[in-house]
Structures are given as structure tokens and as C-alpha cells.
Amino acid sequence: MKSICNKILVAFALLFFTACAVLGAVAKDKEFSEDENRYLTTFEKPTVKSIIQGDYQTKLTDYLTDQVIFRSGFMKIYGLSQKALNKTEYNGVYLCKDDFLIEVFREPHNTGDIIERLNKVAGRVSADCKLMLVPTAVTVYKDKLPSNVSFKTTQTDMLNEYYNKVNMTTIPVYGAIKTGSLKEQMYYRTDHHWTTDAAYIAYTRYCAEEGLQAVPKESFEIREISDDFYGTVYSKALTINQKPDVIRVYNTDMTGISVTAGGEVISLYNEEHLKTKDKYAYFLDGNRPVINISNSKVNNGKKLMVVKDSYANCFIPFLVNHYEEIMVLDTRYYKRGVSKTANEWGATDILFLFNLNTLDTDALVRGIF
């Protein structure tokens with residue numbers, strides 16, 4: 001009886017994988033994976049040069065892997081199996097308590113170099129420079145990490161080194177966000193970004209340090225704009241039973257506010273992105289090299305330049321209440337030097353805002369200073 005069952009299972013498996021192979025062969029190549037939020041490798045005809053150099057073999061392997069029929073389903077089943085086996089890490093993601101997926105933290109290697117570059121910029125501009133470094137969920141929610149995860153150098157160690165050595169005003173936010181985490185969700189379960197609630201707390205800390213009057217929380221219309229958000233970390237560690245995140249927005253009065261990017265009129269919020277996988281791009285219409293914001297209701301002569309990564313996207317809408325103009329530079333895409341641009345534009349203030357993973361690992365961030 002056992003032998004018959006085994007034969008049936010083998011036959012079923014062969015039939016299933018044969019069907020997958022046939023379907024994969026006739027199916028049209030898929031160019032983009034919504035679940036993984038990335039472009040997939042499509043078929044390229046071989047050339048003599050690509051075969052000799054080995055490029056074609058590599059691309060063919062990537063193509064066969066990316067174009068497997070039912071790829072997302074297989075990956076979700078595999079991710080579920082990793083949880084069932086009590087694995088602590090999967091594809092660069094910690095599998096944590098309370099259904100949190102937290103991006104793996106890599107030990108920093110470039111702290112001294114980045115501090116030197118920040119100080120060079122501060123010495124070359126007439127603007128008042130400030131630095132806001134944001135710890136990620138790996139620090140604020142360290143109690144949710146698997147018990148065997150530890151770090152030689154922590155993000156709090158990084159914070160202390162940066163804030164002790166940079167020649168600019170520092171905006172500490174870790175303590176306030178940690179306290180806020182006792183009442184509200186400060187980071188998404190499925191994404192590497194902080195939530196809008198955490199960004200608002202950081203905004204109040206910024207205002208306190210800068211002598212500005214923060215807009216009270218009760219003055220905003222706070223609403224849920226999505227309850228089915230699956231973010232970047234989920235895209236790395238797909239699984240079947242993962243709970244989605246909720247995205248909230250603190251609606252800002254848009255009267256008198258103009259937002260442009262490369263000559264195109266955009267908005268602080270773009271509803272179209274809520275129909276896509278990358279729903280966080282709702283804030284500031286996603287990542288662009290340069291964004292210019294003006295507010296005709298503010299007349300204080302202040303021009304703020306924000307040099308940032310995507311953590312700033314849900315933070316910047318709070319700042320429009322305090323500056324005549326804001327120029328936003330995303331150093332992953334902007335190709336000119338910060339100091340030259342700031343001096344030519346006449347910035348009165350510069351805010352460097354990065355999360356602690358991006359600041360150390362993104363070479364383009366280091367290169368732009």
C-alpha cells in the first residue's frame with residue numbers, strides 16, 4: 001500500500017512539474033513582478049560575444065529563474081515554510097514577533113567617511129545645516145527580533161558617533177519615536193519605512209529644536225488611505241499569511257502650495273499610487289531627483305533644502321507650513337554637488353535626513369556630498 005502511495009505521489013509530482021514546464025514554455029514573458037516590486041529578466045538572443053564572455057549563461061539562468069510559471073506562488077509557499085521551520089532570517093529579512101518583517105541590519109563601514117563629507121558640505125555653505133538620522137525598526141522594535149540576533153555595532157552607537165562629530169545642529173528623534181511606539185505603530189510590518197505617525201513625532205522634535213510652532217496633531221484630518229499595503233520587505237520575504245499594513249495621512253491644507261519636479265506639476269500626495277504595489281509612493285509622488293515646493297501663505301524669507309532618502313517623503317509635507325520654499329534633493333538620483341546647489345539657490349537652511357541603513361550602504365549618498 002505504501003509503495004502504491006509513493007508511486008502515485010511521484011506520478012502526480014511529475015505531471016505537475018511537466019504541466020508547469022509546458023505552461024512556462026508557451027506563456028508570454030512577464031516583465032514586472034508586483035509581489036517582488038521589481039523588473040524580471042526577459043529573454044535575449046545569444047551572441048557569440050555574450051557566450052564567450054559568459055554573460056549569456058548568467059542571463060539565461062536569471063531568465064529561467066524569473067520566468068518560472070506560478071513563481072510568486074512558489075515563493076510564498078517557500079516563505080511560509082521558513083516561518084513554519086522557525087527560521088529567523090530569510091532573504092535579508094528577519095522573521096519577527098507579531099507578524100513583523102524587519103530588514104536585516106548590516107554593520108556600518110563608512111561612518112568616518114560620511115562624517116567627513118557632511119562636515120565639508122557644512123563648511124562650504126552659508127546655510128544653517130542640521131542632521132536628522134532615523135533608526136530603523138531593527139532598533140525601535142528590537143524586542144520583536146529573533147532571540148539569536150545581536151550586533152557588534154548598533155544603530156544607537158552610530159547615532160552617538162555621528163551626533164558627536166558632525167559640525168552642524170543635530171535633531172535627535174530616537175527617544176521620542178521609541179516612546180511613541182508604546183502607543184502607535186512607528187514602522188510598517190511589511191515595509192522598511194517609518195509610518196506617518198512616526199514622521200509626525202519627528203516633525204515635532206524638529207520644530208522644538210528650530211524654535212518653530214508645530215501644527216498640533218488635532219489640527220490635521222488624519223485618515224486611512226490604504227488597508228492593504230504590502231511593502232518592500234514583504235517583497236523580499238513573500239509568504240501566504242502575512243497581514244497587510246495600513247497607511248495613514250495627515251492631510252495638509254494645500255491652499256497656496258505649489259509643487260513641481262523637473263517642470264512637471266505634481267502634488268504632496270498622489271492618489272494614483274494607491275492603485276499600485278508601491279503605495280508608499282503616494283507621499284511626494286515617489287522618489288525624484290529634485291522637487292520644488294513653495295507656499296505663498298508663508299512670508300518669512302526662509303528657504304529650506306532637504307537632502308534625503310525616501311524616509312523624508314512622508315515627513316516633508318509637515319514642513320511646508322514653515323518655509324516659503326523647499327527644495328528636495330534625493331541623492332540617489334541627483335547628480336550635482338549639494339553645496340554648490342545650495343549656494344546658487346540661496347538656501348537659508350539645509351536638513352540632511354536619512355535612515356541609518358541607507359546612509360551607510362548607499363554609495364550614491366556618499367558620492368554626492
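Just so it is clear, the model here is predicted, and its values are computed rather than measured.
Looking only at distances, no side-chain donor or acceptor of E103 sits under 3.5 Å from a matching main-chain atom of V93. Listed for the N167 side chain is no donor-acceptor partner under 3.5 Å among the backbone atoms of A122. No donor-acceptor distance shorter than 3.5 angstrom exists from the side chain of D98 to the backbone of F100, with no hydrogens or angles considered.
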Self-check item: From CA spacing to verdict: side-chain hydrogen bond (donor to acceptor under 3.5 Å, both in side chains), D157, T154
Solution: CA-CA 5 Å; D157 293 331; T154 66; 3.1 Å; yes
Practice problem: Kindly determine whether S267 and N270 satisfy side-chain hydrogen bond (donor to acceptor under 3.5 Å, both in side chains), including the steps that lead there. | Solution: CA-CA 6 Å; S267 176; N270 187 338; over 6 Å; no
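Closest approach of L145 and V138 over heavy atoms only: CD1-O, 3.5 Å.
Side-chain atoms of T190 and D245 include a donor-acceptor pair closer than 3.5 Å. A side-chain donor from one of K277 and S235 sits under 3.5 Å from a side-chain acceptor of the other. Checking H192 against N357 by side-chain atom types alone, no donor-acceptor pair falls below 3.5 Å. Side-chain contact of D278 with T276: a donor-acceptor pair under 3.5 Å is absent, judged by distance alone. Looking only at atom types and distance, the side chain of D113 has no donor-acceptor partner in the side chain of T111 under 3.5 Å away. Side chains of N313 and S310: no donor on one and acceptor on the other come within 3.5 Å.
Atom OH in Y90 sits 12.5 Å away from atom NZ in K236 (nearest 0.5 Å).
Just one of Y311, W194, F229 meets the ring pair (Phe, Tyr, Trp, His ring centres under 6.0 Å) condition when paired with Y188; it is F229.
We find that D99 and K243 are not joined by a salt bridge, their nearest charged nitrogen and carboxylate oxygen being 4.0 Å or further apart.
Within 6.0 Å of NZ on K217 lie more than 12 heavy atoms contributed by other residues, nucleotides or ligands. Applying the 6.0 Å contact sphere to NZ of K165 captures no more than 12 heavy atoms from other residues, nucleotides or ligands.
Pairs of residues two or more places apart, or lying in two chains, that qualify as ring-ring contact (aromatic ring centres under 6.0 Å, His included) and include a residue from residues 249-272 are Y200-Y250, F220-Y250, Y250-F318, Y269-Y282.
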